[in-house]
Amino acid sequence: MTSLGLNAAFAAATSMLGVRDDPYMAFHFLVEIEGLVVGGFSEVSGLQVETVVETYREGGVNEYEHKLAGSTRYPSNLVLKHGVTDIDTLWNWHQDVTAGVIERKNGTLYLLDRKRRPVMWWDFLEAYPVKWTGPELRAEANTVAVETVELVHRGLSKTSLGTLLS
């Protein structure tokens, strides 16, 4: 007798009920830093977590190497891009860092469903800006002026609505 995994059983049950579980769209998201929604961002990248793998060769065993889990690291900065507005919150934060006043802040990246409700989010810890890039200004272009801010952080955690409901 074959047994279905939990995901396969859930997919079969929702299919019989006529319920579709479509993937979430990547353009529905919000960024919050220290409880403030700091603007509509056009792009967020750098959500990465990596576990370093250490190899160990056992004496007399030539067929393989042992692969041991090492430390976990966050190899990329969070990169936030948004249209330039009169709100200078991120610019001022970066200017404080350049003046030697480093204020670490926690934040959350929310992924939203089609009704703009949070369904999944990533919390980042103790971040501060390490790079600001201004917009590319071109007389012949007809695009939004976009600034970029890179945040270094001390870790990511992920929560989903499904996790909270279970």
Name every donor-acceptor pair, under 3.5 Å, that has one atom in a side chain of residues 128-137 and the other anywhere in the protein, sequence neighbours excluded.
| residue | atom | partner | partner atom | Å |
| --- | --- | --- | --- | --- |
| Trp132 | NE1 | Glu147 | OE1 | 2.5 |
| Glu136 | OE1 | Arg138 | NH2 | 2.6 |

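When all heavy atoms of Gly155 and His153 are compared, the pair lying nearest together is N-ND1, 3.1 Å. Contact detail for Thr98 and Gln95: the closest heavy-atom pair is OG1-O, 2.7 Å.
Take Asn106 and apply the side chain to side chain contact (heavy atoms under 4.5 Å, CB included) test, not counting sequence neighbours, and it matches Glu34, Leu125, Glu126. With sequence neighbours left out, Val61 forms a side chain to side chain contact (heavy atoms under 4.5 Å, CB included) with Glu58, Glu63, Tyr64. Residues satisfying the side-chain hydrogen bond (donor to acceptor under 3.5 Å, both in side chains) criterion with Tyr74, sequence neighbours excluded, are absent altogether.
A distance of 11.0 Å separates OG1 in Thr148 from CG in Leu90, rounded to the nearest 0.5 Å. In this structure, CG on Leu80 lies 9.0 Å from CD on Glu150, to the nearest 0.5 angstrom. Taking OH from Tyr110 and CG from Asp123, the interatomic distance works out to 7.0 Å, rounded to the nearest 0.5 Å. Residue Trp121 holds its CH2 atom at 11.0 Å from NZ of Lys158, rounded to the nearest 0.5 Å. Taken to the nearest 0.5 Å, the CG atom of Leu47 stands 6.0 Å off from the CG atom of Leu156. For the atom pair Leu151 CG and Ile33 CD1, the distance stands at 5.5 Å (nearest 0.5 Å).
Pairs engaging residues 69-79 under the salt bridge (Lys or Arg N to Asp or Glu O under 4.0 Å) rule: Glu50-Arg73 [sequence neighbours left out]. Pairs of residues two or more places apart, or lying in two chains, never qualify as salt bridge (Lys or Arg N to Asp or Glu O under 4.0 Å) while including a residue from residues 102-111.
Among Val31, Val79, Leu30, the one residue that satisfies the side chain to side chain contact (heavy atoms under 4.5 Å, CB included) test with Val44 is Val31.
Within the 3.5 Å criterion, the main-chain N or O of Arg117 finds a donor-acceptor partner in the side chain of Asp113. No donor-acceptor pair closer than 3.5 Å links the side chain of Thr108 to the backbone N or O of Glu32.
The closest side-chain heavy-atom distance from Leu109 to Phe29 is not below 4.5 Å.
Under a hydrophobic clustering in which Ile, Leu, Val, Met, Phe, Trp and Tyr are joined whenever their side-chain heavy atoms come within less than 4.5 Å, directly or via other members, Val84 and Trp93 fall into different clusters. With hydrophobic clusters built from ILVMFWY side chains whose heavy atoms lie under 4.5 angstrom apart, Leu78 shares a cluster with Val49.
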